[in-house]
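Quick caveat, the model's predicted, so the values are computed rather than measured. Lettering follows sequence order; numbering is per chain, from 1.
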Number of protein chains: 2
Amino acid sequence: MRWAGAGVINLKTKSGGTQNSGDLKAIFHAKRLKCTPQRLAVLKVLKESGAYLSINMLDKKVKEMLPGTGLATVYRALETLEELGLVAKVHLEDGCHSYAVAPEGHMHPIVCTECNKVIDFAECPLGELSEKLTQDTGIVIQNHFLQLFGKCRECQA
Amino acid sequence: MRWAGAGVINLKTKSGGTQNSGDLKAIFHAKRLKCTPQRLAVLKVLKESGAYLSINMLDKKVKEMLPGTGLATVYRALETLEELGLVAKVHLEDGCHSYAVAPEGHMHPIVCTECNKVIDFAECPLGELSEKLTQDTGIVIQNHFLQLFGKCRECQA
DNA sequence: CTTATAATTGAGAATCTTTCTCAATTGCGC
DNA sequence: GCGCAATTGAGAAAGATTCTCAATTATAAG
Ligand SMILES: [Zn+2]
Ligand SMILES: [Zn+2]
Ligand SMILES: [Zn+2]
Ligand SMILES: [Zn+2]
């Protein structure tokens with residue numbers, strides 16, 4: 001787990017994606033996975049949406065982009081893309097989970113409770129705290145999960 | 001949402017529960033809910049375990065404590081207990097969720113990835129950060145979800 | 001550009017998980 | 001104790017996820 005640099009809040013929306021298809025191909029091939037249109041479609045739908053999407057919404061949108069794609073394939077694509085670190089689960093307050101494009105580097109999402117938009121922020125406050133906890137208590141912190149919920153500017157009207 | 005006091009790390013295991021049955025009755029009655037043996041059993045199982053438990057494990061243990069209890073009732077009891085703030089969802093790394101006794105006050109769990117034990121800590125680093133985010137970006141932070149994963153001392157042998 | 005091969009896919013079945021329905025029961029205020 | 005609304009158990013129903021397997025396809029090699 002990489003820690004973000006010092007104090008500057010670093011907000012980043014994901015719409016302006018940086019990977020080109022060549023990068024993606026390399027990422028797949030590095031793990032001997034095929035770069036299939038179905039997998040690319042799932043990722044593209046998430047990128048274009050800029051928000052978190054439930055499996056069913058994803059299935060719907062993927063079928064629009066690539067008719068014939070099966071639901072099971074959407075599940076399998078998400079599993080693969082998550083392993084590759086390209087998408088991330090978003091746990092919602094009601095206990096369900098959805099998916100969003102994974103941020104680059106160590107970031108945590110701010111999820112808009114109105115429009116479902118996902119904005120990442122980089123100031124992770126947990127590096128120092130984790131070390132302190134380990135020193136003080138002997139518990140070895142291996143990982144953490146953090147999400148913020150709120151209202152984006154557009155949704156405050 | 002209440003913020004924890006200043007910098008002291010405040011660890012607390014939940015095994016030594018502080019509510020007596022009178023307190024509990026009052027909590028239920030304040031919302032016109034019945035204090036039923038099934039609901040108490042679900043809570044007791046969680047308290048005695050001191051760890052997070054999946055629905056199925058809960059169902060199994062509740063049936064041992066109170067034979068005849070139905071699975072649907074376990075689901076309903078968890079829903080109720082969560083509304084009352086007595087139990088809390090724990091999101092696991094694989095995307096599933098389980099339940100644990102809710103901590104008192106504003107705390108976040110450290111979940112042991114070996115033995116499933118849940119230890120709460122009180123130094124929430126997010127109050128200040130949330131305000132800063134709101135000031136700097138205009139996004140109103142309403143809530144957050146934080147969990148740490150690690151290895152407890154016993155499990156490091 | 002073929003060809004061989006292993007990975008992937010679609011469709012539906014199978015399996016879980018969660019919610020509903022409804023008659024019977026039960027906690028609780030009086 | 002009585003009355004009644006809240007709760008429960010059991011099973012059905014609905015939803016979510018995983019499996020199976022034959023057909024397809026991306027890829028590397030030639
Ligand atoms: Zn919004
Ligand atoms: Zn972090
Ligand atoms: Zn442990
Ligand atoms: Zn907090």
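DNA chain C lies under 4.0 Å from at least one heavy atom of each of the following residues of residues 71-90 of chain B: B:Leu71, B:Ala72, B:Tyr75, B:Arg76. The stretch residues 56-70 of chain B touches DNA chain C through B:Asn56, each having a heavy atom within less than 4.0 Å of the strand.
Other residues, nucleotides and ligands contribute over 12 non-hydrogen atoms within 6.0 Å of the NZ atom of A:Lys63. In the displayed structure, A:Glu79 atom CD is contacted under 6.0 Å by at most 12 heavy atoms of other residues, nucleotides or ligands. A 6.0 Å sphere centred on CD of B:Glu48 holds more than 12 heavy atoms belonging to other residues, nucleotides or ligands. Atom CE of A:Met57 has 12 or fewer neighbouring heavy atoms from other residues, nucleotides or ligands inside a 6.0 Å radius.
Remark: of the listed residues B:Thr73, B:Leu78, B:Asp59, B:Leu78 is the sole one forming a side chain to side chain contact (heavy atoms under 4.5 Å, CB included) with B:Val42.
The distance between atom NZ of A:Lys25 and atom P of D:dA26, rounded to the nearest whole Å, is 9 Å. The CD1-C1' distance, from A:Ile55 to D:dT18, rounds to 12 Å in whole Å.
Between the side chains of B:His97 and B:His91, no donor-acceptor pair is found at a separation under 3.5 Å.
Taking the charged nitrogens against the carboxylate oxygens, A:Lys132 and B:Glu123 do have a contact shorter than 4.0 Å, which makes a salt bridge. With respect to the salt-bridge test (charged N to carboxylate O, under 4.0 angstrom), the residues A:Lys31 and A:Glu83 do not qualify.
Ring-plane geometry between A:His144 and A:His106 is classed as perpendicular, the angle between the planes exceeding 60 degrees on a 0 to 90 degree scale with a lower cut at 30.
Chain B approaches DNA chain C within less than 4.0 angstrom (heavy atoms of the protein), and the contacting nucleotides run 5' to 3' from C:dT17 to C:dG29.
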| said: Using the rule given for ring-ring contact (aromatic ring centres under 6.0 Å, His included), can you reason through A:Tyr99 versus A:Tyr52, listing the C-alpha separation, both sets of side-chain angles and the distance that settles it, and then say yes or no? | reply: CA-CA 5 Å; A:Tyr99 289 86; A:Tyr52 69 81; over 10 Å; no
